[in-house]
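If you're wondering where the values come from, they're calculated on a predicted model, not measured in any experiment. Along the sequence shown, residues are numbered consecutively beginning with 1.
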Amino acid sequence: MIQLTYLFEQEFLEDIPYQLMRAGMKDPWLVLSGCKVLGIIDKVEGNWTQIVGEDIPLLAIDKIGSLIDTQQFSWLPDLIKKQWPNYVLDVIVENLQRYEIICHKEACNQRFKQRFTLGIHALAERESALVFNVRCFQKSDSYVVIKAPAIDRYA
């Protein structure tokens, strides 16, 4: 599950804090304010829209969508697949800090491990500590790659 908080700042009105929750990467986002469920938003044909409920201002939906789009979990899986297309079949976001990478069954695990371990530091945000569980499709072996935050690596 992924959870975010967004503070919708309004001129001349009280700011509204929204809690955003998503069970899985293919699921839409549940939008709450306090304990009240306001609705569900999702990206439909490239635009963020409210698909359930009516209490979220359009400007807030746009800004929430922009926040989600800039988050690492939104763009890092596609970037990993693009960087290593001969190795990576899919990338699953488990939560903000954990990813599962599924490699093609014919991919060389040791070669990918060497390339990925070095390359992920350049692709991912420098401030984030991330854990990648890497496994090959239809094989039982797996390994973990941990990307430490930049401040810890160079201290």
**Item:** Shared hydrophobic cluster for Ile102 and Val134 (ILVMFWY, side-chain gaps under 4.5 Å)
**Value:** no
**Asked** Pro149 and Ala129: which non-hydrogen atoms are nearest, and at how many Å?
**Response** CD-CB, 3.6 Å
**Asked** Do Phe112 and Asn86 pass the side chain to side chain contact (heavy atoms under 4.5 Å, CB included) test, and can you show the C-alpha distance, the side-chain angles, and the key distance before you say yes or no?
**Response** CA-CA 9 Å; Phe112 178 65; Asn86 295 332; over 6 Å; no
**Cluster link Trp29 to Val52, ILVMFWY, side chain under 4.5 Å** = no
**Prompt:** Would you say the side chain of Leu76 lies within less than 4.5 Å of the side chain of Tyr99, judging by non-hydrogen atoms?
**Reply:** yes
**Request:** Please report the closest heavy-atom contact between Asn95 and Ile2, naming both atoms and the distance.
**Result:** CA-CG1, 4.3 Å
**Request:** Supply the atom-to-atom distance Ile61 CD1 to Asp42 CG, rounded to the nearest 0.5 angstrom.
**Result:** 11.5 Å
**Prompt:** Does atom CD of Glu106 have more than 12 heavy-atom neighbours, drawn from other residues, nucleotides or ligands, at distances under 6.0 Å?
**Reply:** yes
**Prompt:** Just checking, Lys113 and Tyr143: is the charged tip under 6.0 Å from the six-membered ring centre and within 45° of the axis?
**Reply:** yes
**Asked** Going through the distances and angles, do Gln19 and Tyr6 end up as a side chain to side chain contact (heavy atoms under 4.5 Å, CB included)?
**Response** CA-CA 6 Å; Gln19 290 75 44; Tyr6 176 74; over 6 Å; no
**Request:** Establish whether Leu59 and Ile41 are linked, either directly or via other cluster members, by ILVMFWY side-chain heavy-atom contacts under 4.5 Å.
**Result:** yes
**No-hydrogen, no-angle side-chain donor-acceptor test under 3.5 Å, Asp69 and Trp48** = yes
**Message:** Would you compute the distance between atom OG of Ser74 and atom CE of Met25 and round it to the nearest 0.5 angstrom?
**Reply:** 5.5 Å
**Item:** NZ (Lys63) with more than 12 external heavy atoms under 6.0 Å
**Value:** no
**Item:** Shortest non-hydrogen contact between Leu89 and Lys81, atoms and distance
**Value:** O-CD, 4.0 Å
**Prompt:** To the nearest 0.5 Å, what is the distance between CD (Glu125) and CD (Gln71)?
**Reply:** 7.5 Å
**Message:** Is there a path of hydrophobic side-chain contacts, each under 4.5 Å between heavy atoms of I/L/V/M/F/W/Y residues, joining Leu79 to Val131?
**Reply:** no
**Asked** Considering all heavy atoms of both residues, which atom of Leu96 and which atom of Gln3 are nearest to each other, and what is their separation?
**Response** CD1-O, 4.0 Å
**Message:** With clusters defined by side-chain heavy atoms of hydrophobic residues (ILVMFWY) lying less than 4.5 Å apart, directly or transitively, does Leu4 cluster with Phe8?
**Reply:** yes
**Request:** State, to 0.1 Å, how close Gln72 and Pro77 come at their nearest heavy-atom pair, and which atoms those are.
**Result:** O-CD, 4.0 Å
**Asked** Taking all atoms of both residues into account, what is the closest heavy-atom pair of Gly24 and Arg22, and its distance?
**Response** O-CG, 3.0 Å
**Asked** Please walk me through it: do Leu38 and Tyr18 pass side chain to side chain contact (heavy atoms under 4.5 Å, CB included)?
**Response** CA-CA 9 Å; Leu38 299 180; Tyr18 291 112; 3.2 Å; yes
